[in-house]
Structure formats: C-alpha cells, structure tokens
Amino acid sequence: MRNPYDVLGVSRSASEADIKKAFRKLAKSYHPDSNKDDPKAKDKFAEANSAYEILGDAAKRAQFDRGEIDADGNPKFAGFNPGAARGGRSSQGGFSAEDILKEFMSGFGGQPRGGAGRGPAGGAQWDPFAGAAAGGARGAPKGDDVVVTAAVSLEDAHKAASIPVRMPSGKVLSVKLPEKVEEGQQIRLKGQGNPNPFGEPGDALVTVRFEKSKQFRRDGADLRTDVPITLYEAVLGTKVRVPTLDGSVELTLPPGVDTAKSLRLKGKGLYGGGDLYVNLKVVLPPGGDADLEALARFMRDQKPYKVRD
C-alpha cells in the first residue's frame, strides 16, 4: 500500500483529530453505496480504511514513524513483536476505523449488523471485513452489477441452448437460455458481477439480442425462408429440402407450382408457436441456354400468357 499519510492527505505532524477528519471525508467520498457507477471507488475506500488502521491507532502510528512496520502494518525487521503491530485498538484512546465506519454507515439505513463479537453494552460489534469472510454480512454493501449483451441465434433460442457469454473481466460463462426467451430479455447471473471487499459481489445482467439469421427472416413467431428451384422443377414438380429450426424437412412441389405464393409449414415457426413460410425462387441456368431461349421465343410468339395487368 502507499504511504498512509499520502493516502489520507495529511502531514506527519497531523493531530489525531485531523487524521480522523481526513479519513471521514475519504470514507464518505468513496463509500461503495455512494459510488455504484465507479468501480474504482471501492479500491480507494479500502485503501483509506487500511491507512487509518495504521494512523488512527497511536501505537501503530508510532511504530510506523519509527520504521518498525510498513504501510501494511507488517514488521520490517526480525525480533519485532508482530502482535503489537496487529493488535486491535490503541490503549492510548485512539478512535478506530470501525467506529467511524459504524457512525458513517448509519446514514445508509441504520448501524451495520453481522460483525464478530459483542460490544461492552451488549450490541453487535461490526467488523467491516466480516462480509468477505462469512459470505457477505447482512447490511453490507453489495458489489456493482454488470450488464452485458449476448448475441443469440434463432436456433439456440429455439432450443433453449447453453451459450458462451464473455464478461467485462474477460471471463467466459456458459449461460443456459430460458425457454422461449424474448428479444431484450435479461438473464440474471447471481454473484457474477463486480466484487466487493466488504460484502457480496454484484450480479451479471445478460441482455438477449437475436442475431440476424442467414436463412430465416423473423416476423413475430412466424419465420420466412427462400428456397431456390430450377425452371424445370417449377414446371414438372419435385421434392426439395427445406430448412427449419428443428432440422430440414422434405417438401413436395406439384407440377406448375405457383412461385408467386408462399408455401406454409404449420407449427414450424419460432418455439412452435408460429408457422414457416417458404418462398420459391426460380433460378435460370448460368450463362444462358440456346434451347431455353428458343422455347421462350416460341412461347412468346405462339403461346403468350399474361401475369400482369
């Protein structure tokens, strides 16, 4: 940790009252409950708390000034009694960080609960670090939630599949999609948000966005797809494979099929609640065909028919 005097912004000659005032100001400025949108605030809050644990205790402050302990309260040479550096409140009347935090936290809905031990009046003695050791104390602030967007294919949504989702931290989670998930729906992943040194981590909120499909166009619960066919298949009839969200199916086309109308496959839409509409697209042979051109001229000249008004 940095020099505790620098962290609190006070000089080495600062009085106990000045140190207490500086810590109170930093605790109020960087408390996680007041900075839910600033992920760095909790680190600054923890650093200020650690600095005050040294300078707010007269014995530890004296040991630090003499060079007997470092900024983290650890002994700096052999033979030093580590118990003195880590031992509780000062016997000289120092005001601990716990007292200030307890007073400050009362502004967030009452005094914190869940600390270890009992106070002299029988009340709970709050430990600001108890949340990390005991899975998060009741009343302790929770870490910030994170919001991420997951691109979901229609096929995965239809099957309620598990998909990989990358968190802002870089961690990749496997997320099971709910049945019949909707566009814009949020999936809450408990405990996968930002950590909090004084309480439980936040949650991750995964917002579902449907990917643009190469095969299907979505119209509510209905789907539409295009299936190319040859000219002779349209004239003579055939069987074609049609893609669906449940796998391809075989569709029989009658001779002279009307390609101006869509063919409906009932119940083959999204989640089975809609239909699949198949649009047939006649594709001519590439590069032209002399026989086909001769047939077209014959029909134009000898057997014309109208398809437009």
Side-chain angles (χ1 to χ4, degrees), residues 145-193 201-287 289 292 307-308:
D145 293 341
V146 297
V147 179
V148 297
T149 300
V152 179
S153 69
L154 291 177
E155 289 82 358
D156 283 341
H158 184 72
K159 298 173 183 176
S162 294
I163 62 171
V165 178
R166 184 176 294 276
M167 297 291 108
S169 64
K171 182 180 180 181
V172 178
L173 301 177
S174 178
V175 178
K176 180 70 166 66
L177 296 175
E179 296 287 338
K180 299 183 179 180
V181 66
E182 294 293 337
E183 174 89 13
Q185 182 175 337
Q186 281 191 332
I187 305 169
R188 181 178 293 272
L189 305 179
K190 187 172 178 60
Q192 296 296 337
D203 300 336
L205 304 178
V206 181
T207 302
V208 173
R209 291 284 180 257
F210 286 151
E211 289 181 335
K212 184 177 181 180
S213 174
K214 294 181 180 180
Q215 289 188 314
F216 304 103
R217 296 182 298 280
R218 182 169 173 254
D219 183 10
D222 292 335
L223 299 174
R224 296 184 179 275
T225 189
D226 297 331
V227 175
I229 60 173
T230 65
L231 177 61
Y232 51 82
E233 285 175 331
V235 173
L236 303 176
T238 190
K239 292 182 179 181
V240 295
R241 303 294 295 179
V242 176
T244 78
L245 293 178
D246 298 306
S248 61
V249 298
E250 192 173 74
L251 182 63
T252 299
L253 304 181
V257 64
D258 189 352
T259 58
K261 296 181 180 179
S262 298
L263 303 178
R264 187 180 70 160
L265 298 181
K266 189 174 182 180
K268 290 298 183 179
L270 187 61
Y271 307 135
D275 302 329
L276 173 64
Y277 291 88
V278 180
N279 299 322
L280 300 176
K281 301 291 185 181
V282 176
V283 179
L284 297 179
D289 184 278
L292 183 59
V307 295
R308 299 178 299 276

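Below, all heavy atoms of this structure are taken into account, side chains as well, without hydrogens, waters or symmetry copies.
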Please give me the minimum heavy-atom distance between [X] and [Y], naming the atom from each residue.
X	Y	result
Gly191	Pro201	O-CG, 3.7 Å
Lys159	Leu245	CE-O, 3.8 Å
Ala150	Ile163	CB-CD1, 4.1 Å

Quick one: does [X]'s side chain have a donor or acceptor within less than 3.5 Å of a partner on [Y]'s backbone?
X	Y	result
His158	Tyr271	yes
Asp222	Asp275	yes
Asn279	Asp226	no
Arg218	Gly220	yes
Gln192	Leu189	no
Thr225	Gln215	yes

Check your understanding: Are the charged groups of Arg188 and Asp145 less than 4.0 angstrom apart, N to O?
Key -> yes
**Study point:** Pair Glu211-Leu154, side chain to side chain contact (heavy atoms under 4.5 Å, CB included): steps then yes or no
**Key:** CA-CA 7 Å; Glu211 289 181 335; Leu154 291 177; over 6 Å; no
Check your understanding: Would Val242 and Leu265 satisfy side chain to side chain contact (heavy atoms under 4.5 Å, CB included), going step by step from the backbone distance to the final call?
Key -> CA-CA 10 Å; Val242 176; Leu265 298 181; 4.2 Å; yes
In the structure I gave you, are the side-chain heavy atoms of [X] and [Y] within less than 4.5 Å of one another anywhere?
X	Y	value
Val240	Ile229	yes
Leu253	Leu263	yes
Thr230	Leu284	no
Leu205	Val148	no
Tyr277	Asp219	no

Practice item. Look up atom CD in Gln186 and atom OG1 in Thr207, then write down how far apart they are to the nearest 0.5 Å. Key: 4.0 Å
Revision key, fill the gap. So OG1 of Thr238 and CD of Glu250: to nearest 0.5 Å the spacing works out to 8.5 Å
Exercise for review: Verify the distance criterion only: is there a donor paired with an acceptor across the side chains of Thr149 and Arg209 at less than 3.5 Å?
Suggested key: no
Distance-only donor-acceptor hits, side chain of residues 169-183, under 3.5 Å, sequence neighbours excluded:
unit_1 : atom_1 : unit_2 : atom_2 : d
Ser169 : OG     : Lys171 : N      : 3.4
Lys176 : NZ     : Ala160 : O      : 2.6
Glu183 : OE1    : Phe210 : N      : 2.9

